[in-house]
Q: 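This structure is in structure tokens; I'll ask about it shortly.
Ligands are counted one by one from 1 in listed order, and the atoms in each one are counted from 1 as well. Quick note: residue numbers are just sequence positions, from 1.
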Amino acid sequence: MPVMHPTTIAEATAMLADHPTAMLLAGGTDAMVEINDGHRRPADSVVVVNRIADLRSWRHDPVANTLTVGAGVTYTELLREPIVSLVPALAEAARTVGSPQIRNAGTLGGNLGTSSPAGDGLPALAALDATITLASATGERSMAVTDFIVGVKRTAIDPGEMITEITMPVVTGWQGYAKVGVRNAMVIAVASVALVVDRDHERVAVALGSVGPTVLRCPEAEALLASSIDWATMAAPPDALDRFAAAVSAASQPITDHRSTAEYRRHAVGVLAKRLARRAGASS
Ligand SMILES: Cc1cc2nc3c(=O)[nH]c(=O)nc-3n(C[C@H](O)[C@H](O)[C@H](O)COP(=O)(O)OP(=O)(O)OC[C@H]3O[C@@H](n4cnc5c(N)ncnc54)[C@H](O)[C@@H]3O)c2cc1C
């Protein structure tokens, strides 16, 4: 089985063009587990992307006010400054992933490549309105993260394409991420919520994980909170946070599985969203 080690994106996409059924491998923390557990057949060839320097870098564009993170950036790297200050919701999500070993190897591109409903990076990226860039031997295209993830572990990636980078706006205002699982650490999310408060545009973004086939945005709950709070003080009328929590729960589409029940998940996203809103300073 050929195992290829490109050092540039151009080399990698040329290899993918020659081997369209090749498996991309970054940190291997999802792919190797799936192969070992028999959920995935070993590919006839592998393109290992972790020696591509451009995938492992990030840049802040202060004019466009965006942060662009290479697909090969690890969770450990997302926990360093200035990334933590620029996109705290993504950093908070990164902090909850696995163990130090998993955070050292696992990448944001791999989280997107798998697109598990429980992927911790995904709600943060969705709430931040992140855009994914895909490259192939014939060019590049970009799409919103919510268009990229099309179902349970299904994405809009075409054969011959790879994720190169993820771009998100740097938002002024509080943002964070919270999840519940069956224990406090080293845990796959049973329910998760990312909240981004955009003070400049007086907008709120909420995205949910583990309560639907894909990451879910909550337009009604977002509009409800944005229109309830006094943007100068973040004060909200009595019951506004409860109504916000109820709207978040109503937006969820949970199922019952071996980790939890649909009822618990629906309740949990409401509780998490209300807690995040309180942490954002909203009070009623
Ligand atoms: C013990 C353990 C604990 C874990 N805990 C968590 C957790 O708490 N939260 C969580 O979200 N995840 C968790 N995971 C899952 C995993 O660590 C993450 O999903 C991680 O982000 C995967 O990244 P990776 O670089 O290891 O991906 P890989 O395993 O290398 O690849 C994953 C998938 O993405 C594809 N891929 C990789 N790079 C690219 C690219 N550039 N373009 C297109 N496709 C690509 C691969 O082909 C593969 O299909 C855990 C895993 C383990 C083993």
Q: Would you mind checking which non-hydrogen protein atom is closest to atom 17 (O) of ligand 1, with the distance to 0.1 Å?
A: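 Going by distance alone, atom 17 (O) of ligand 1 is nearest to Thr29 OG1, 2.7 Å.
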Q: Passes side chain to side chain contact (heavy atoms under 4.5 Å, CB included), Lys153 versus Ser115? Steps please.
A: CA-CA 5 Å; Lys153 298 193 175 180; Ser115 279; 5.6 Å; no
Q: Among all protein heavy atoms, pick the one closest to atom 8 (O) of ligand 1 and tell me residue, atom and distance.
A: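 Going atom by atom, the protein heavy atom closest to atom 8 (O) of ligand 1 ends up being Gly98 N, 3.0 Å.
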Q: What protein heavy atom lies closest to atom 15 (C) of ligand 1? Include the residue and the distance to one decimal.
A: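 For atom 15 (C) of ligand 1, the nearest protein heavy atom comes out as Asp30 OD1, 3.1 Å.
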Q: Check the pair Val215, Ile149 against side chain to side chain contact (heavy atoms under 4.5 Å, CB included), reporting the backbone distance first and the verdict last.
A: CA-CA 8 Å; Val215 65; Ile149 308 166; 3.9 Å; yes
Q: Need the ligand 1 atom indices (1-based, order shown) with element for anything under 4.0 Å from a heavy-atom of Gly119.
A: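 So the atoms of ligand 1 that pass are 11 (O).
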Q: Could you tell me which atoms of ligand 1, counted from 1 in the order shown, lie closer than 4.0 angstrom to a heavy atom of Ile157?
A: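 By the 4.0 Å cutoff, the relevant atoms are 43 (C).
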Q: Which atoms of ligand 1 are found less than 4.0 Å from any heavy atom of Thr107?
A: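 Those atoms are 20 (C), 21 (O), 23 (O), 24 (P), 25 (O).
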Q: Would you confirm whether Arg265, through its side chain, and Ser210, through its main-chain N or O, come within 3.5 Å as a donor-acceptor pair?
A: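 At least one qualifying donor-acceptor pair exists.
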Q: Which part of Lys179 is near ligand 1, with near meaning a heavy atom under 4.0 Å away: side chain, backbone, both or neither?
A: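 For Lys179, the contact with ligand 1 is made by the side chain alone.
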Q: Should you measure from each heavy atom of Ala26, which atoms of ligand 1 turn up under 4.0 Å away?
A: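 With Ala26 as reference, the close atoms of ligand 1 come out as 25 (O), 30 (O), 37 (C), 38 (N).
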Q: Report the distance from atom OG of Ser249 to atom NZ of Lys274, rounding to the nearest 0.5 Å.
A: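 The distance works out to 11.0 Å.
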Q: Hey, could you give me the CD1/CG distance between Ile9 and Leu16, rounded to the nearest 0.5 Å?
A: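 Interatomic distance, Ile9 CD1 to Leu16 CG, rounded to 0.5 Å: 11.5 Å.
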Q: Tell me which pairs pass side-chain hydrogen bond (donor to acceptor under 3.5 Å, both in side chains) where either residue lies in residues 58-77, with sequence neighbours left out.
A: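 Every pair satisfying side-chain hydrogen bond (donor to acceptor under 3.5 Å, both in side chains) with a residue in residues 58-77: Arg59-Glu165, Thr68-Thr167, Thr74-Glu77, Tyr75-Asn111, Thr76-Asn104.
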Q: Run the numbers for me: atoms of ligand 1, each under 4.0 Å from some heavy atom of Val33, listed by number.
A: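 Matching atoms, with element in brackets: 53 (C).
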Q: So is Val187 close enough to ligand 1, meaning a heavy atom under 4.0 angstrom away?
A: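 It does; at least one heavy atom falls under 4.0 Å.
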Q: Filter on side-chain hydrogen bond (donor to acceptor under 3.5 Å, both in side chains), then keep only pairs touching residues 44-55, sequence neighbours left out; what's left?
A: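 Residue pairs passing side-chain hydrogen bond (donor to acceptor under 3.5 Å, both in side chains), neighbours aside: Thr21-Asp44.
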Q: Considering non-hydrogen atoms of the protein only, which is the closest contact for atom 49 (O) of ligand 1, and what is the distance?
A: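 Protein heavy atom at minimum distance: Arg40 NH1, 2.9 Å.
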Q: Numbering the atoms of ligand 1 from 1, which are under 4.0 Å from a heavy atom of Gly27?
A: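 Result: 24 (P), 25 (O), 26 (O), 30 (O).
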Q: As an exercise, identify every atom of ligand 1 less than 4.0 angstrom from a heavy atom of Gly113.
A: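 So the answer, numbered in order with elements, is 33 (C), 34 (O), 35 (C).
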Q: If you have a sec, work out which protein heavy atom is nearest atom 47 (O) of ligand 1 and how many Å separate them, to one decimal?
A: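 Checked against all protein heavy atoms, atom 47 (O) of ligand 1 sits closest to Leu24 O, 2.6 Å.
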Q: Set out, in order, the CA-CA distance, both residues' side-chain angles and the distance that settles side chain to side chain contact (heavy atoms under 4.5 Å, CB included) for Met23 and Arg41, then state yes or no.
A: CA-CA 10 Å; Met23 182 179 82; Arg41 277 160 54 87; over 6 Å; no
Q: State the atoms of ligand 1, each with its element, that fall below the 4.0 Å cut-off from a heavy-atom position in Met162.
A: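 Selected atoms, number and element: 42 (N).
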Q: What is the closest protein heavy atom to atom 12 (N) of ligand 1, and at what distance does it sit?
A: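 The closest heavy atom on the protein side is Asn111 ND2, 4.0 Å.
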Q: I'd like to know if the side chain of Thr256 and the backbone of Ala262 have a donor-acceptor N/O pair within less than 3.5 Å.
A: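 Yes; judged by distance alone, with no hydrogens or angles, the pair exists.
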Q: For ligand 1, find out whether one of its N or O atoms is nearer than 3.5 Å to an N or O atom of Leu25.
A: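 No, Leu25 has no N/O under 3.5 Å of an N/O on ligand 1.
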Q: Output yes when a side-chain donor or acceptor of Trp231 lies under 3.5 Å from a complementary backbone atom of Ala226, and no otherwise.
A: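 Pair found, side chain donor or acceptor close to backbone of Ala226.
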Q: Can you tell me which residue among Leu122, Thr214, Thr155 is in a side-chain contact (heavy atoms from CB on, under 4.5 Å) with Phe148?
A: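 Between Phe148 and the candidates, side-chain contact (heavy atoms from CB on, under 4.5 Å) is satisfied uniquely by Thr155.
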Q: When rounded to the nearest 0.5 angstrom, what distance separates CG in Leu112 from CD1 in Ile163?
A: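 Leu112 atom CG to Ile163 atom CD1 measures 5.0 Å (nearest 0.5 Å).
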Q: For Glu92 and Thr96, test the side chains for any donor-to-acceptor distance below 3.5 angstrom and give the result as yes or no.
A: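 Their side chains do not contain a donor-acceptor pair, so the 3.5 Å distance test is not met.
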Q: What residue and heavy atom of the protein are closest to atom 42 (N) of ligand 1, and at what distance?
A: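 For atom 42 (N) of ligand 1, the nearest protein heavy atom comes out as Ile163 N, 2.8 Å.
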Q: How far is atom 33 (C) of ligand 1 from the closest protein heavy atom, and which atom is that?
A: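 Answer, as residue, atom name and distance: Thr114 OG1, 3.4 Å.
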Q: Of Val49, Asp120, Ile188, which has the heavy atom at the shortest distance from atom 10 (C) of ligand 1?
A: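 Selected option, by shortest heavy-atom distance: Asp120.
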Q: Is Leu112 touching ligand 1 with its side chain, its backbone, both, or neither, if touching means heavy atoms under 4.0 Å apart?
A: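 Neither; nothing of Leu112 gets under 4.0 Å from ligand 1.
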